[in-house]
Engineer: 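Sharing a structure with you now.
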Amino acid sequence: DETRSRYHTSMDVEDLCMKYSQHFVDEMKIDQIKTYRLPDGKQLKVGKERAGCAEVWFQPSLIGCDEDDGIHLQLYNSNMKTDVDLRRFKWSNIVLIGAPSLTPGMDNRLLKEITALAPSSMKIKVVAA
């Protein structure tokens, strides 16, 4: 089925090409091209989009979702609404699941963002499963 084949190809491109940047602004200044060979033999060249696609998780405004917070702010706000006695446990047990969490750098990027927001006395741990 052609639709299924296209879906799997797009998932392969995402898995092999997308990455989370620790320093998005700096990453956009660097022109790193990665080439992916499509099933029909043609080549797809992906550059700044590699970091730009992943950055949407942290900056939804990049695709016009100005009313939405990034995943790090949503996680922070959610955790700060919980009982004070549970926060320490929750900060040290952040588990990411699903396809975006398997993209290289997601756990490190989320750790960086959450560490900047959370109280400095908190031990933060992020695991991508």
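Heads up: numbering here begins at 1 and tracks the sequence. All values derive from a computational prediction rather than experimental measurement.
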Engineer: Could you check whether any side-chain N or O of S92 sits under 3.5 Å from a backbone N or O of R88, counting only pairs where one atom can act as donor and the other as acceptor?
Structural biologist: yes
Engineer: Measure the spacing between CD of Q59 and CG of L73 and express it to the nearest 0.5 Å.
Structural biologist: 10.0 Å
Engineer: Keeping the roles fixed (side chain from R87, backbone from M80), state whether a donor-acceptor pair exists under 3.5 Å.
Structural biologist: yes
Engineer: When rounded to the nearest 0.5 angstrom, what is the spacing between CH2 in W57 and CE in M106?
Structural biologist: 6.5 Å
Engineer: Minimum heavy-atom separation for D68 to P60, with atom names?
Structural biologist: O-CG, 3.8 Å
Engineer: Going by heavy atoms in the side chains, are D107 and R109 under 4.5 Å from each other?
Structural biologist: no
Engineer: Under 3.5 Å, side chain of Q74 to main-chain N/O of D69, donor-acceptor pair present?
Structural biologist: yes
Engineer: Please check if the side chain of N79 supplies one atom and the backbone of L75 the other of a donor-acceptor pair under 3.5 Å.
Structural biologist: no
Engineer: CG of L111 to OG1 of T115: how many Å apart, nearest 0.5 Å?
Structural biologist: 4.0 Å
Engineer: Surrounding CD1 of I97 (heavy atoms of other residues, nucleotides or ligands, distance under 6.0 Å), is the total greater than 12?
Structural biologist: no
Engineer: Between W91 and I114, does the side chain to side chain contact (heavy atoms under 4.5 Å, CB included) criterion hold? Intermediate values first, please.
Structural biologist: CA-CA 9 Å; W91 284 129; I114 290 295; 3.4 Å; yes
Engineer: As an exercise, state the distance from NE2 of H72 to CG of L117, rounded to the nearest 0.5 Å.
Structural biologist: 6.0 Å
